[in-house]
Amino acid sequence: MKKNYEGYKKPTWCPGCGDFAILSVLKKTFAKLKIDPTQTVVVSGIGCSGKSYAFIYSNGINTLHGRVLPIATGIKLANPDLKVVVLSGDGDTLAIGGNHFIHTARRNVDITLIIMDNKIYGLTKGQFSPTSNQGFITVSSPYGSKEFPVDPVVLALTSGASFVARAFSGEVNSLTQIIEEGIKHKGFAVIDVLSPCVTFNKVNTYEWYRENIEFIPENRDLSNLKEAFTLAVYTNGKIPLGIFYKKERPTYHELMLDSKNPCREDLLCGRDRVVEIIEKLCE
Ligand code: SF4
């Protein structure tokens, strides 16, 4: 049941923040898929999304700004049996963490990344972020942002992610379906969730999104990368939502821990050493 996944803290987000829907759907999905909280790690970074690890019942870690994906990669390599879910903001994922995003995608690390994409830095009171639209006026861009926005879906597709989707926190049915598919996927699943910041982003509101989103066709070959690109890029001015791409390929831990990999012993040795250090620290 969803209530079994309540975290040890209540969310402290502003009332109406789009992040509430993401958290609620994630708990519901954990309950539906009977995810074992003792075998799950929720990793978050810095920003409003950074508190998420405490709002859901599982193992959790609040990492450094922009470093969620390397930490999640380490967790998965150290114990591939764990389900690893990353909740990260647009700034955390695509500004300081942009480099890690690309490399996690091309390695196909078996984790689910949910981007709580508010198109603004909310925690620091409203500066433009990498996904803000050009011309967006904020406290740090009083004459409008001059920067072209990053499209997380296009970047994920070009970088090699094996599951790529976009959802909107105001459309809970499709959000639920996409998060469930992303959690079940074996490989790097990227879910960009358009999540209104009701306090600082007065442009990309729930109403604005409702007028500017469009669902892509569902009944198609999801492993067709060319079609995924076409749907992501040629948009008639609307923001396309849905699952763009899904294809299984060997994951990073499968390749690294393969018995034929000459580095395997070094990796296992390093892993045992880390466990030893942690055990000593916990004594
Ligand atoms: Fe949500 Fe914006 Fe409030 Fe942060 S500042 S909790 S993103 S509404």
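The basis for the numbers below is simple: all heavy atoms, side chains too, and nothing from hydrogens, waters or symmetry mates. Counting starts at 1 for both ligands and their atoms, following the listed order. We count residues from 1, following the sequence as given.
For NZ of K125, the number of neighbouring non-hydrogen atoms (other residues, nucleotides, ligands) closer than 6.0 Å is 12 at most. Residue Y57 qualifies as open at atom OH: its count of foreign heavy atoms under 6.0 Å is 12 or below.
Ring geometry, Y206 versus F168: the interplanar angle falls from 30° to 60°, so the pair is classed tilted. Ring-plane geometry between F20 and W13 is classed as perpendicular, the angle between the planes exceeding 60 degrees on a 0 to 90 degree scale with a lower cut at 30.
Protein N/O/S atoms closer than 2.8 Å to atom 1 (Fe) of ligand 1: C17 SG.
For ligand 1 and F200, the ligand atoms under 4.0 Å from any heavy atom of the residue are 5 (S).
For F128 and F136, the gap between ring centers reaches or exceeds 6.0 Å.
The two residues I243 and R220 have their closest heavy-atom pair at O-NH1, 3.0 Å.
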